[in-house]
Amino acid sequence: NKGKYEHYMQKEIHEQPESLTTTMRGRLIRGGSHKVKTVLLGGLKDHLKTIRRSRRIVFIGCGTSYNAALAARPILEELSGVPVTMEVASDLLDRQGPIYREDTAVFVSQSGETADTLLALEYALENGALCVGITNTVGSAIARHTHCGVHINAGAEIGVASTKAYTSQIVVMAMLALAIGGDTISNEAKREATIDGLIDLPNKVREVLQLDQEMKDLAKLLIAEQSLLVFGRGYNYATALEGALKVKEVALMHSEGILAGEMKHGPLALVDENLPIVVIATRDACFSKQQSVIQQLHARKGRLIVMCSKGDAAAVSPGESCRAIEVPQVEDCLQPVVNIIPLQLLAYHLTVLRGFNVDQPRNLAKSVTTQ
Ligand code: UD1
Ligand code: F6R
């Protein structure tokens, strides 16, 4: 049931304040002062000690689910103190890459049925790792075969392009980082800020959804383009990859997410006055580096669209020709949840304006159950 919306993708983008609320429901536990003190993930509570003691956490997934894990990786590294590595499921299988008994392997999958992820799970089970699932589908193969896990509870996702599952996956993995990190003194400030940020996140998402018309206007400008680059780094490298994936899979436009730190090592050669480039430059520890990236792209006459924090449009725009997308600022580790939304809206509007099937892009299936 699409309700008042024309397409499932549109509905699922706009229901993110509610899906995120459901994802967090019952999992943020209040202390005596009624302040939220801690995170409770029922499915993991008996396994946290083992996870904390593991030699390494390995995230494994495909497509959007991989991107969600990439977005959560920095906060997991920061709070857990355990090294975190990333594996695209098919690549892990191609290489028969190392997975050890001392590893915690975390399988991220909206459907819980993706063949590559499931085969990687079997491989990790054979190698003796603790296998944790993060999935949206109760009773799915990945939920059944993992040792333990967390359901993201985002509600059924029908549009082939994953939107609300992506943001709920990031929120679950931020909660996972809090749960593994525990209440050590050294983590206290970060933990409190992250918990406060989680509680307020649905409101911030509601605020960023008001950019809908602005993104439709931007889509009109980009309708006939051949290609779109998206530059991000740090917490928002994942946003660049995921934004580009949305544009390519539904709007059928070539798009590439680029790690901004790699700009000078090749991608800069593509920059001219025609190619549109989105640069994510919201406030975090990477902000000044992104300002310098903007200057360098501008010096080569790049056609820039800069995503920045509210109030920063003038500060980040190098010239009249640069467009700014202002988004609310949140705790750095949660910023990817806010920042992806304008790009989801852009991909959606581009697709509708270009006349393509937004809920069922050609050649794609919602759940990829073959290798
Ligand atoms: C559970 C109930 C929820 C109830 C809540 C109240 C289910 C599915 N969930 O939620 O309805 O409101 O208790 O306390 O009945 N699991 C895996 N792999 C996965 C995902 C989950 O093994 O990929 C396991 C978990 O380890 C856990 C179980 O499935 O044993 C349920 O997980 P989850 O729904 O996340 O647990 P709760 O949030 O505690
Ligand atoms: C993109 C998309 C795919 C899936 C991928 C993994 O919008 O939906 O990239 O994310 O096929 O699917 P799950 O998460 O079900 O394992």
Side-chain angles (χ1 to χ4, degrees), residues 8-9 12-13 22-29 39-48 50-51 59-71 87-90 104-121 124-125 130-154 156-173 175-176 179 238 241-251 255 257 340 343-344 347-348 351 358-361 363-371:
Y8 284 110
M9 183 181 179
E12 287 159 3
I13 292 172
T22 320
T23 296
M24 290 186 272
R25 184 164 295 142
R27 290 170 166 172
L28 298 175
I29 305 303
V39 164
L40 176 73
L41 297 171
L44 292 189
K45 62 179 191 314
D46 300 332
H47 301 267
L48 285 175
T50 317
I51 301 175
F59 276 125
I60 301 166
C62 307
T64 290
S65 293
Y66 175 90
N67 293 343
L70 188 65
E87 292 284 357
V88 170
S90 64
T104 295
V106 182
F107 295 84
V108 187
S109 173
Q110 188 283 131
S111 64
E113 302 290 348
T114 300
D116 289 327
T117 311
L118 199 50
L119 286 166
L121 168 57
L125 286 169
L130 175 71
C131 294
V132 179
I134 293 180
T135 174
N136 197 25
T137 315
V138 177
S140 61
I142 289 171
R144 283 185 282 114
H145 293 144
T146 41
H147 295 117
C148 58
V150 189
H151 291 114
I152 68 168
N153 300 336
E157 189 181 64
I158 303 199
V160 164
S162 185
T163 52
K164 64 175 182 171
Y166 177 72
T167 50
S168 282
Q169 284 167 336
I170 297 175
V171 160
V172 160
M173 286 183 268
M175 292 195 290
L176 174 69
L241 295 184
E242 175 60 9
L245 180 59
K246 289 304 90 138
V247 169
K248 103 178 86 179
E249 74 174 322
V250 289
S255 186
I340 194 58
L343 302 177
Q344 293 173 344
Y348 169 76
T351 310
V358 66
D359 284 334
Q360 281 188 298
N363 311 337
L364 297 183
K366 180 66 183 162
S367 152
V368 185
T369 51
T370 52
Q371 248 190 313

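Index from 1, following the sequence. All ligand and atom numbering here is 1-based and tracks the order in the structure.
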message: I need the nearest protein heavy-atom contact for atom 24 (C) of ligand 1: residue, atom name and distance, please.
response: Gly149 N, 4.0 Å
- prompt: Under the 4.0 Å line, does any protein heavy atom show up next to atom 6 (C) of ligand 1?
  reply: no
field: Spacing of Thr146 atom OG1 and Leu118 atom CG [to the nearest 0.5 Å]
entry: 10.0 Å
message: Would Gly63 count as being in polar contact with ligand 2, using the rule that some N or O on each side must be under 3.5 angstrom apart?
response: no
task: From the options Gly43, Gly139, Gly26, select the one whose nearest heavy atom is closest to atom 30 (O) of ligand 1.
output: Gly43
task: Specify the protein heavy atom at minimum distance from atom 6 (C) of ligand 2: its residue, its atom name, and the distance to 0.1 Å.
output: Cys62 O, 3.4 Å
field: Taking atom 7 (O) of ligand 2 as the reference point, the nearest protein heavy atom with its distance
entry: Glu249 OE2, 2.4 Å
field: Heavy atom of Asn67, distance to ligand 2 below 4.0 Å
entry: no
message: If you take the nearest heavy atom of each of Gly42, Cys131, Gly112, Gly133, which one is closest to atom 23 (O) of ligand 1?
response: Gly133
- request: With heavy atoms of Lys246 as the reference, note each atom of ligand 2 found under 4.0 Å away.
  value: 1 (C), 7 (O)
query: Can you tell me how far OG1 of Thr117 sits from CD of Glu87, rounded to the nearest 0.5 angstrom?
result: 12.0 Å
message: Between Leu70 and Glu242, does the side chain to side chain contact (heavy atoms under 4.5 Å, CB included) criterion hold? Intermediate values first, please.
response: CA-CA 10 Å; Leu70 188 65; Glu242 175 60 9; over 6 Å; no
message: Under 4.0 Å from atom 33 (P) of ligand 1, is there at least one protein heavy atom?
response: yes
- prompt: Does Glu113 have a non-hydrogen atom less than 4.0 Å from ligand 2?
  reply: no
task: Give yes or no for whether the N/O distance cutoff of 3.5 Å, strictly under, is met between Gln110 and ligand 2.
output: yes
- prompt: Does ligand 2 have any atom sitting under 4.0 Å from a heavy atom of Ser367?
  reply: no
task: Could you go through the side chain to side chain contact (heavy atoms under 4.5 Å, CB included) check for Ile60 and Val106 one step at a time?
output: CA-CA 6 Å; Ile60 301 166; Val106 182; over 6 Å; no
message: Run Lys366 and Val160 through side chain to side chain contact (heavy atoms under 4.5 Å, CB included) and show every step you take.
response: CA-CA 5 Å; Lys366 180 66 183 162; Val160 164; 4.2 Å; yes
message: Any protein heavy-atom neighbour for atom 2 (C) of ligand 1 (distance below 4.0 angstrom)?
response: no
query: Is there a nitrogen or oxygen of Ala143 sitting under 3.5 Å from a nitrogen or oxygen of ligand 1?
result: yes
- request: Please indicate whether any nitrogen or oxygen in Ser162 is less than 3.5 Å from any nitrogen or oxygen in ligand 2.
  value: yes
Minimum heavy-atom distance Ala161-Lys246, with the two atoms named: C-NZ, 4.1 Å
message: Would you say that Met173 contacts Phe59 through its side chain, given a criterion of any heavy-atom pair below 4.5 Å between the two side chains?
response: yes
statement: atom 14 (O) of ligand 2: closest protein heavy atom, distance to 0.1 Å, is Ser65 OG, 2.5 Å
- prompt: Does the side chain of Ser162 come under 3.5 Å of the side chain of Thr64 through a donor N or O and an acceptor N or O?
  reply: no
- request: For residues Ile134 and Ile152, determine if any side-chain heavy atom of one lies less than 4.5 Å from a side-chain heavy atom of the other.
  value: yes
- prompt: Considering all protein heavy atoms, does one lie under 4.0 Å from atom 17 (C) of ligand 1?
  reply: yes
message: Test side chain to side chain contact (heavy atoms under 4.5 Å, CB included) on Arg25 and Asn153; report intermediate values, then the result.
response: CA-CA 9 Å; Arg25 184 164 295 142; Asn153 300 336; over 6 Å; no
message: Does the protein come close to atom 39 (O) of ligand 1 - that is, does one of its heavy atoms sit below 4.0 Å from that atom?
response: yes
query: Near Ala161, which atoms of ligand 2 are under 4.0 Å from a heavy atom of that residue?
result: 7 (O)
Pairwise side-chain contact, Leu130 with His47, heavy-atom cut-off 4.5 Å (strictly under): yes
Nearest protein heavy atom with distance in Å, relative to atom 13 (P) of ligand 2: Thr114 OG1, 3.3 Å
message: With a sphere of 6.0 Å drawn around CD of Glu113, does it hold more than 12 non-hydrogen atoms of other residues, nucleotides or ligands?
response: yes
query: Does a side-chain heavy-atom distance below 4.5 Å link Thr23 with Gln169?
result: no
query: What residue and heavy atom of the protein are closest to atom 11 (O) of ligand 2, and at what distance?
result: Val368 CG2, 4.1 Å
message: Given His147, Arg27, His151, Lys45, identify the one with the heavy atom nearest to atom 21 (C) of ligand 1.
response: His151
message: If we ignore hydrogens and angles and just use 3.5 Å, is the side chain of Asn136 paired with the main-chain N or O of Ala154 as donor and acceptor?
response: yes
- request: Name the closest protein heavy atom to atom 3 (C) of ligand 2, giving the residue it belongs to and the distance to 0.1 Å.
  value: Thr64 N, 4.1 Å
- prompt: Is atom 12 (O) of ligand 1 close to the protein, meaning a heavy atom under 4.0 Å from it?
  reply: no
Identity and separation of the nearest protein heavy atom to atom 8 (O) of ligand 2: Val160 O, 3.3 Å
Side chain to side chain, Val150 and Arg27, heavy atoms closer than 4.5 Å: yes
